[in-house]
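Beneath this line is the structure, given in structure tokens, with notes to follow.
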Amino acid sequence: MKHPGKNYEALDKKTLWHPFTQMKDWMASPQLVIQRAKGLYLFDTQGRRYLDGVSSLWANVHGHSHPALVDAIQSQIRELDHSTLLGLSHIRAIELAEQLIRLTPSKLTRVFYSDDGSTAVEVALKMSFHYWRHRGKTFSQKKRFVSFTNSYHGDTLGSVSLGGVDLFHRIYQPLLFRSYKAFYPACYRCPFGKQPTTCNIYCSREIESVLRQHHRQICAVIVEPGIQGAAGMLTAPSGFLKRVEALCRQYQVHLILDEVATGFGRTGKMFALEHEGVSPDFLALAKGLTGGTLPLAATLTTEEIFRMFHGEYSEFKTFFHGHTYTGNPLACAAALANLRIFRQERTLKRLQNKIRYLKERLKQFGALSHVGDVRHAGFMVGIELVEDRDLKKPFPVRNRIGHRVVLEARRRGIILRPLGDVIVLMPPLSITLRQLKTLLDVTFESIRVATED
Ligand SMILES: Cc1ncc(COP(=O)(O)O)c(C=O)c1O
């Protein structure tokens, strides 16, 4: 259905300030206003149809407006729209907590809700810090965190303090708390000159050295398991995460896994931690938790950490943290429906064949002269474009190659969003093989036209 009455694009440019967007460019160029969505497709106000190649910012899982999700939200709003978890409970929050505990490593027995990925991470940081305060004098020096180079954990100041994407985070430096940085594998440009197949995870020496020297000051290590998303889909060699876990145990620091991007099937398993059998002290979940419909996040933790906050009220051991919409019933109902669809549609089982196809097809991208590296973990793909392949030399920033590829794809009916010059593919898990073929064909052609023509 078209929208003849109103010029929404003009009104947008008059009223909105978009996230992560240079608004000068935005105002000067034609923009899409999305009106509705169905399955894998988004439709704009002109009635044009686009395949959602990045799951609406890595969130959508089963396609848009899946009937089971629509039903769950509709019936929930009739029953209970919102009620706080501060001093009260509600059924959907309890049911969801029970299911999340069942799906994750047995050590994780407690669920604390918040609203998005950034807040899920903030909760883990505050809980870890607070836990060590409760442990008393022996651990009183533990006030710092370790994160990895190029990491991204969100945009609130705690999360930014741990972030490693200089472009996003440098300016806020005076506002941030100091953290230790360890090297995250970046195999395409390995600074140690090693090959991933033979390096024996040489780069894990960095995190080892940080922990050996500073563990007495360190509360926790936070890591994106298996693949750093916003860094440009940087995949870690297998064994890296297990090594980080072992070091955390050895040096008595918490391990926080940020599965905000990788959770809910993106890497081919329900959670990326399953690939290496890792069991963290905190697990941060968001994005796909509600199937991509409503904002909801969860931070899972252990009974041991939970118990440390117990005491008489007057001892003030309480975790004083919570948001107005924490554990919103509509979002919890959507999350329960999301998990139900996983079971009913055997989403993970059906995904495996698509991952195999994707892996095979991605090999062809090497034929494009400006594709430097193709990285993927399950359904998370990064195609890095470079000006000179032999030298691995990036394009000049002003060329905005990633953006040009996105515009080419859009002309051909596909929505993508790049990370600089890394083209990201992260479709909903429910994509059909045929749609996946279209996504790959169009991406290939768009890269070719933007870089070679
Ligand atoms: C690994 C990771 N952590 C945290 C976040 C922040 O999540 P949100 O944007 O929901 O605050 C993101 C967002 O992309 C992410 O990829």
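Atoms within each ligand, like the ligands themselves, are counted from 1 in listed order.
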Handout entry: Amino acids contacting ligand 1, non-hydrogen cut-off under 4.0 Å
Key = W58, D116, G117, S118, Y152, H153, G154, E224, D258, V260, A261, K287

Exercise for the section: For D52, enumerate each residue passing the side chain to side chain contact (heavy atoms under 4.5 Å, CB included) test, keeping only those at least two apart in sequence or located in another chain. Expected result: L42, V54, S56, H64

Practice task
Scan I222, L273, I256 and name whichever one has a side-chain contact (heavy atoms from CB on, under 4.5 Å) with P280.
Solution key: L273

Exercise for the section: Would you please say whether a donor-acceptor pair under 3.5 Å links the side chains of S83 and H90? Expected result: no

Fill in the blank from the handout: Residues passing the side chain to side chain contact (heavy atoms under 4.5 Å, CB included) test with Q22, sequence neighbours excluded, are K24, D25

Handout entry: E224 versus Y152, side-chain donor and acceptor atoms under 3.5 Å
Key = no

Exercise for the section: Please collect all salt bridge (charged side-chain N to carboxylate O under 4.0 Å, His left out) contacts where either partner lies in residues 112-126, sequence neighbours excluded, each pair once. Expected result: none

